J.: 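Here's a structure for you.
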Amino acid sequence: MTQTVEPTHRQLGMTDSEFDSVVRILGREPRPAELAMYSVMWSEHCSYKSSRRHLGRFPTEAPWVVVGPGENAGVVDIGDGWLAALRIESHNHPSYVEPHQGAATGVGGILRDVFTMGARPIGLWDQIRFGPLDEPKNRYLFGGVVSGIADYGNAVGVPTVGGEIGFDPCYSGNPLVNVMCLGILKRDQLVLGTAGTPGTVAVLLGNSTGRDGIGGASVLASASFDNESREKRPSVQVGDPFEEKKLIEACLELYTKGLVVGVQDLGAAGLSCATSEPAGRAGVGMEVDLDAVHVREPEMTAPELLMSESQERMMAFVDAANVEQVLEVADKWEIDSAVIGVVRAGDTLTIRHKGEVVAEIPAASLADDAPLYDRPRARPSELDDVWATEPRLPDDLDLADAVLRLLDDPAIGSSAWVHEQYDHMLFLNTIVGPGADGSLLRVKGTNKGLAVSTDGNGRLCQLDPRRGGARLVFEAALNVAVIGAEPMALVDNLNFGNPEKPEVMWQFVESVAGISEACESLGVPVVGGNVSFYNETEGVDIYPTPVVGLLGLADPVPNEPPRIDRAEEGMEIWEIGPEPTASLAGSSAERIVLGTLTGRPTAPDPEVARQVIGLVRELAHTVPVLHDVSDGGLAVAIAEICIASEVGATIELGDPSLLFSEDPHRVVAVFEHGAVEPPGDIARRIGTVGGVALTLGDATIDIATATDAYREAIPRRMTS
Amino acid sequence: MRTAVVQFPGTNCEHDVVEAVTALGGSAELVWHRDTDLSDFDGAILPGGFAHGDYLRTGAIARFSPVMTEVFRLADSGAPVLGICNGFQILCEAGLLPGALIANRDLAFICRLVEVEVADTDTVLTRTATVGQRIRIPLNSYEGNWVDPTRRGRVVLRYVDDPNGSQQQAAAVANDRGNVVGVMPHPERAIHDFLGSSDGNLLLEGFLHSLAPA
Amino acid sequence: MRVRIEITRRPEIADPQGTTIRRALADLGHEQVERVRVDRVIHLDIAGDDRSAIESQANEMCRQVLANPVLEDFSVEVLG
Amino acid sequence: MRVRIEITRRPEIADPQGTTIRRALADLGHEQVERVRVDRVIHLDIAGDDRSAIESQANEMCRQVLANPVLEDFSVEVLG
Ligand SMILES: Nc1ncnc2c1ncn2[C@@H]1O[C@H](COP(=O)(O)OP(=O)(O)O)[C@@H](O)[C@H]1O
Ligand SMILES: [Mg+2]
């Protein structure tokens, strides 16, 4: 029997033609360390080789954009001398392998992307999706991910002020864990990921380098998932929020003192990335000495040192004259530091280990010459049939029972079980925290507030990725408008299946188009994002699940921002926005009552969207309650107001399809009679607050019963 | 009258405490845990966070920081010393307060506004409050469950609804003299109505009043 | 019967807690301490007297909930 | 030398972790488990070869910092 040994490049996940490109670039066979570097840098996760040519579709420009896509985080100008930095990142595959540490290190990674820019991180948002909670495995994953985010976020000292929770069987073998971070900085503190000019010194800060997570993010996140994934377990990384907290404070002190030329975090692809990217960006070369790297384990090889994804490390580029001071700051904060390299003229990245040159490559080639694929695309053939089948509620539907079932759904019910495990109050900025439509953080010393909403909806995007993608943006915009903010910039996290399947590529490109069109219509630039492919298990892809994070600026912050717990006996209930159609395609009612996924979601209307967003933003300064209509439609939106305000309501409308419709651009407003006069063509009165029950046409739901269902939706499942 | 706000590696509420004290007209300054001279200060606050990552046990490593010698001296002299959340845990580990803090009954981190009732007004935290008075301040801890096998501790604030299993529903505890107090919920997080409550000011005012020689 | 389960972190997995404690001990003058690792011991009282049944049940519990198979190894000892 | 320190929670102190684990085990069908207690084991590698000096140093570290006397007892074993 002959045993065939896979060539090294294939073991590292590289195709034969990618290997040939390396040979062509170098004009020779790569050395082992060089091959290691190309393999991680050219992985799907780091190179965006399947997605890059499509991401160019995003609109990225606006007068307030300071840094667009391409750096570690996007940066926008919010006035008064302040900038905001934002980015979103996924940790889907690591979180399936080890939910607690996978989620924790995801938080650590996104924080580094933001404080790399010179910003102090002030808020985190998590978007997490799992299979149904009646399966023990999913409860384990959900509980582990939430405790991982809590452990890391709380201890690192950055509040988690919002997010999203979803459940669907398509995520059972592949949960989604996305995290967004927002930071603020003074204009003159902006730092970029550049290596600077020849003579600049590279200082590695923070954790020691170990074998943990060798090729972790890049390999795990760049291939399909199957039972072999168990074998990849040694690549699990353990987060150390304490080290990261010290690293944040040390870096911020370096920025305030003006001691760095550039900074790059060490995330996926570790040292390979943190040397080649900054050098490539600056158009310089670099000499690196791996023997200077502080290590956790003895006898590490050069490829291991270059591929390790050990957490909580940063690379600072420093003028030679400032090195002493930089090391002192590191000492003060009790973090390790090591001078590991120096920038050289030219474009060659030379890496030495034990006195020998182990790599000598054009620095920019790792990023710039990465393969670029135009993968085939095909519209799923069954889509016409799916669109032709409108979901219809049964004529004998028990409306009250259906509303209670929706409120008891863990994706709709109260998120308190999750967000009360997160410190969401640190820094005294949280004016509107988790559990509301969007979050609102004040910017101290100004009248401004930063509003953020994150939104994803795999079901809508499965039915129509273009309309779905666009509707996410409009929904996020409405969510920041209800707290008085104007949409300003967007980051996106594109969670998709296997890009080698033409249907998945089609979904991807359609979603990008939908998000782009909506952003263009609102004048919102995309300033950064992330792509996560290969979210499939045993050949079955997840629903296409792009997630958007929208930053809005409230200027000024409303004196009393609308909240859903401020409805009072006798107030009027209005619906603002277009009259809904009876379409239930992709809605929560379709999922919970019918258990199907069919029909074509209603198209968004950019003109109406702009009108409603503008109107709502003004109302946010005067109206006590504003709540956007989303999951569960009008019925759930009003029930949530009643539950939070501990009061009943009467709605004349009794048609379940209209009450459960999730058609876009709609908001519920509650206010005293005559307090405001919303324009009649876009707003209509639909009911009155009062009593102890919610009455929808002929159906009556006791608020105490509704409250129970809503509050217990997650806890009763997690403690069963 | 100056308050030292002690910053350990891993502390994260220090700036919030400075802001809260300053907003009330007090004067607060950060001191690093390696500082060894607090002679310019009239009192100290050990703020919340995760000193040394909460590794080993919460507060266990922090209590050995060089600055603690000065905290002991202040406590000894009768000056007001307040530990908030992680600071409370450190004061227990240091033996300046009785008992210890263990994991919450339900083994989950709890961050939410809670209601507490004033049980004792003869302390630097509650001297401007009245017994039985109820106030709302945010809890934010995993190890907030106070146990005291000696049953000697003076309970200063009690939770109205027991969130974490704390003995005698204690939310704040004092030493015999009443000048060293540990409080698990965060008064500095309840200083503006737009943050959900401004009841924390009552407690911080008590502390500031105590800085003046009696 | 009394069962003793020791759960140890796998050697290749990073141990930030151990590292931090080592530093703290060095600060306190115990520089001779070269490595620190913190593990868990779980004592169970289990009703019954079939030693081998109890042993296999304890192993099952470790695999199910007590240990995290990704990060930890475990050993079971029936003390009797 | 390798030193093994076992830190046990005093019986009179509540053990939320033990209680929670017992409940979780019962939910999984292990109702025979009557009690669960979770303790910590700390392994130290200490430079030197004077067994008794190392033992007394380890005891000192326990009293000082590794154990909390309010909650815990400890035992030290020099493994050699
Ligand atoms: N979906 C996306 N939309 C917009 N920009 C994106 C998207 N995905 C990636 N980018 C941008 O491409 C750049 C490359 O990211 P990269 O540095 O490889 O990420 P990481 O730091 O996580 O390794 C980033 O600036 C990012 O903002
Ligand atoms: Mg980055």
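Proteins come first, then strands; the chains are lettered A, B, ... in the order of their sequence lines, and each starts at number 1. A quick note: this is a predicted structure, and the numbers were derived from the prediction, not measured.
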J.: Listing needed: what donor-acceptor pairs below 3.5 Å join chain A with chain B?
T.:
| from | atom 1 | to | atom 2 | distance (Å) |
| --- | --- | --- | --- | --- |
| A:Asn154 | O | B:Asn12 | ND2 | 3.4 |
| A:Asp240 | OD1 | B:Tyr55 | OH | 2.6 |
| A:Glu334 | OE2 | B:His33 | NE2 | 2.8 |
| A:Glu334 | OE2 | B:Arg34 | NE | 2.9 |
| A:Glu334 | OE2 | B:Arg34 | NH2 | 3.0 |
| A:Glu420 | O | B:Cys111 | N | 2.6 |
| A:Glu420 | OE1 | B:Arg112 | NH1 | 3.1 |
| A:Asp423 | OD1 | B:Arg189 | NH1 | 2.9 |
| A:Asp423 | OD2 | B:Asn140 | ND2 | 3.1 |
| A:Asp423 | OD2 | B:Arg189 | NH2 | 2.9 |
| A:Phe427 | N | B:Asp16 | OD2 | 2.8 |
| A:Arg442 | NH2 | B:Glu19 | OE2 | 2.9 |
| A:Lys444 | NZ | B:Glu19 | OE1 | 3.0 |

J.: Name the region of B:Ile191, side chain, backbone, both or neither, that has any atom closer than 4.5 Å to a heavy atom of chain A.
T.: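 Side chain of B:Ile191 only, per the 4.5 Å heavy-atom cut-off to chain A.
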
J.: In terms of heavy-atom pairs under 4.5 Å with chain A, which of B:Gly53, B:Gly49, B:Ala108, B:Ala51 leads?
T.: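 Of the candidates given, the most pairs with chain A belong to B:Gly53.
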
